[in-house]
Undergrad: 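Can you keep this structure in mind? I'll have questions shortly.
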Amino acid sequence: MNYWLMKSEPSVFSIDDLANKPNQIYCWDGVRNYQARNMMRDDMKNGDLAFFYHSNCAEPAIVGIMQVVKESYPDFSAFDENDKYFDPKSNPNNPRWFMVDLKFIRKFSRPITLKELKIVPQLADLALVRRGNRLSIMPVAATQWDFILNLETD
DNA sequence: GCCAACGTTGGC
DNA sequence: GCCAACGTTGGC
């Protein structure tokens with residue numbers, strides 16, 4: 001089992017959008033970064049858990065948990081020229097971009113803020129708090145995962 | 001293959 | 001809105 005962190009701008013898609021339709025399956029389309037793509041395509045497995053992170057907003061924070069329910073397949077939003085994620089260099093015969101499907105697991109009782117994550121020494125190696133990190137998908141070590149979960153009830 | 005210009009991300 | 005830190009593009 002692997003653990004992940006996935007960013008979303010809450011003004012576009014938030015944890016409440018997830019929580020309001022708890023049984024819906026979501027395809028994580030629109031990833032257009034090779035490192036993030038490679039992790040989704042090669043390493044994300046059914047049953048893996050992912051933190052849902054609010055980025056580019058007033059209070060950047062981890063706000064809940066999702067689970068991978070379908071492993072990688074071509075991101076068809078890249079094929080549709082009317083889609084905002086259209087990429088003419090990707091096509092069904094040779095797809096460049098991939099996505100996974102996810103479902104809602106739970107919303108945290110409180111946001112675990114970036115500010116809070118930055119000050120704990122145990123998370124110094126978490127990619128999220130490393131300088132200049134802009135990856136929209138990143139791995140989380142099991143020890144980091146457990147530590148962050150414990151922060152929720154501190 | 002180098003690298004300047006440009007575009008994007010995302011915290012603040 | 002600012003800007004640092006990237007990633008991408010394209011001329012050479």
Side-chain angles (χ1 to χ4, degrees), chain A residues 2-20 26-44 48-68 71-102 104-141 143-152 154:
Chain A
N2 298 311
Y3 299 100
W4 307 93
L5 181 146
M6 304 175 82
K7 297 180 182 175
S8 180
E9 300 191 17
S11 61
V12 178
F13 186 63
S14 77
I15 189 68
D16 288 322
D17 294 323
L18 269 176
N20 288 339
Y26 295 90
C27 46
W28 203 261
D29 64 350
V31 172
R32 298 290 180 269
N33 169 281
Y34 288 104
Q35 269 184 276
R37 177 204 69 181
N38 291 347
M39 287 187 277
M40 274 201 304
R41 187 188 59 188
D42 305 332
D43 301 326
M44 287 188 120
D48 284 2
L49 295 173
F51 286 135
F52 189 92
Y53 177 82
H54 282 173
S55 69
N56 201 15
C57 57
E59 186 184 58
I62 297 173
V63 291
I65 298 177
M66 303 179 290
Q67 184 168 41
V68 177
E71 292 174 13
S72 75
Y73 60 106
D75 180 345
F76 45 74
S77 69
F79 308 148
D80 178 359
E81 64 181 19
N82 295 315
D83 195 288
K84 64 174 173 173
Y85 297 123
F86 175 61
D87 181 351
K89 294 171 184 168
S90 187
N91 66 75
N93 296 322
N94 186 21
R96 173 174 297 204
W97 306 111
F98 291 80
M99 59 187 175
V100 298
D101 285 356
L102 297 151
F104 175 73
I105 296 295
R106 71 183 181 91
K107 178 182 174 178
F108 285 169
S109 55
R110 66 175 189 89
I112 300 171
T113 64
L114 177 62
K115 187 180 176 185
E116 187 176 354
L117 297 169
K118 276 183 163 175
I119 59 173
V120 287
Q122 291 90 338
L123 298 175
D125 291 330
L126 183 67
L128 186 71
V129 304
R130 304 301 296 253
R131 203 180 82 145
N133 191 291
R134 301 188 325 188
L135 271 182
S136 61
I137 296 173
M138 64 188 72
V140 177
T143 50
Q144 294 168 334
W145 180 273
D146 292 339
F147 187 86
I148 291 167
L149 283 184
N150 285 327
L151 289 177
E152 184 189 3
D154 275 356

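Labels below follow one simple rule: chain letters A, B, ... track the order of the sequence lines, proteins then strands, and each chain is numbered from 1. Every heavy atom of this structure was used, including side-chain atoms; hydrogens, water molecules and symmetry mates were not.
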Undergrad: Does any residue of residues 27-36 of chain A have a heavy atom under 4.0 Å from DNA chain B, and if so, which ones, in number order?
TA: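 Contacts with DNA chain B under 4.0 Å: none.
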Undergrad: Within this structure, what is the CZ-to-C1' distance between A/Arg131 and B/dG10, rounded to whole angstrom?
TA: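 Atom-to-atom, A/Arg131 to B/dG10, this comes out as 15 Å.
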Undergrad: Tell me the interatomic distance from A/Lys115, atom NZ, to B/dG10, atom P, rounded to whole angstroms.
TA: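 My rounded result for the distance is 21 Å.
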Undergrad: Rounding to a whole Å, what distance do you find between A/Met6:CE and B/dT9:P?
TA: 16 Å
Undergrad: Send over the distance from A/Asp87 CG to C/dT8 P, rounded to a whole Å.
TA: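 In whole Å, C/dT8 P and A/Asp87 CG are 11 Å from each other.
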Undergrad: For A/Arg96 and A/Gly132, take the nucleotide of DNA chain C holding the closest heavy atom to each; which residue's nucleotide lies nearer the 5' end?
TA: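 That would be A/Gly132.
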Undergrad: Taking OP1 and OP2 of B/dT8, is either one under 4.0 Å from a side-chain nitrogen or oxygen of A/Arg134?
TA: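 For B/dT8, neither OP1 nor OP2 has a side-chain N or O of A/Arg134 closer than 4.0 Å.
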Undergrad: Do A/Trp28 and A/Met6 have side chains that get closer than 4.5 Å, going by heavy atoms?
TA: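 Touching, per the 4.5 Å side-chain cut-off.
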Undergrad: Looking at side-chain heavy atoms only, is the closest gap between A/Asp146 and A/Val140 below 4.5 Å?
TA: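 Counting from C-beta outward, A/Asp146 and A/Val140 never come under 4.5 Å.
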Undergrad: Is there a side-chain contact between A/Val31 and A/Ile137 in this structure, where contact means two heavy atoms from C-beta onward sitting under 4.5 Å apart?
TA: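 A side-chain contact exists here, since the closest heavy-atom pair is under 4.5 Å.
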Undergrad: According to ring pair (Phe, Tyr, Trp, His ring centres under 6.0 Å), who are the partners of A/Tyr34, at least two apart in sequence or on a separate chain?
TA: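 Partners of A/Tyr34 under the ring pair (Phe, Tyr, Trp, His ring centres under 6.0 Å) test: A/Trp97.
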Undergrad: Nearest to the side chain of A/Lys7, which nucleotide is it out of C/dA5, B/dG11, B/dG10?
TA: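 Nucleotide nearest to A/Lys7's side chain: B/dG10.
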Undergrad: Is the backbone N or O of A/Val63 less than 3.5 Å from a side-chain atom of A/Lys107, with the two atoms forming a donor-acceptor pair by type?
TA: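 Answer holds: no.
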Undergrad: Can you find a pair of side-chain heavy atoms, one from A/Ile15 and one from A/Phe104, that are under 4.5 Å apart?
TA: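 In short, these two side chains touch, coming nearer than 4.5 Å.
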Undergrad: Taking the six-membered ring for Trp, are A/His54 and A/Phe52 parallel (under 30°), tilted (30 to 60°) or perpendicular (over 60°)?
TA: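 Perpendicular.
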Undergrad: In whole angstrom, what separates A/Arg130's CZ from B/dT9's C1'?
TA: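 It is 19 Å, rounded to the nearest whole Å.
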Undergrad: Rounded to whole Å, how long is the line connecting atom CG of A/Leu126 with atom P of B/dG11?
TA: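 Answer to the nearest Å: 13 Å.
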Undergrad: Nearest whole angstrom, please: distance from the C1' of B/dC12 to the CD of A/Glu9.
TA: 15 Å
Undergrad: Distance check needed: C/dT8 P versus A/Trp97 CH2, whole Å only.
TA: 7 Å
Undergrad: For the residue pair A/Leu114 and A/Lys118, establish whether any side-chain heavy-atom pair is separated by less than 4.5 Å.
TA: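 A/Leu114 vs A/Lys118: side chains touch.
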Undergrad: Does anything in residues 56-63 of chain A reach DNA chain B, meaning a heavy atom under 4.0 Å, and if so which residues?
TA: A/Asn56, A/Pro60
Undergrad: For A/Phe51 and A/Tyr3, I'd like to know if the aromatic rings sit close, meaning centre-to-centre distance below 6.0 Å.
TA: no
Undergrad: Classify A/Lys118 by what it touches in the nucleic acid, base, sugar-phosphate, or nothing, heavy-atom distance under 4.0 Å.
TA: sugar-phosphate
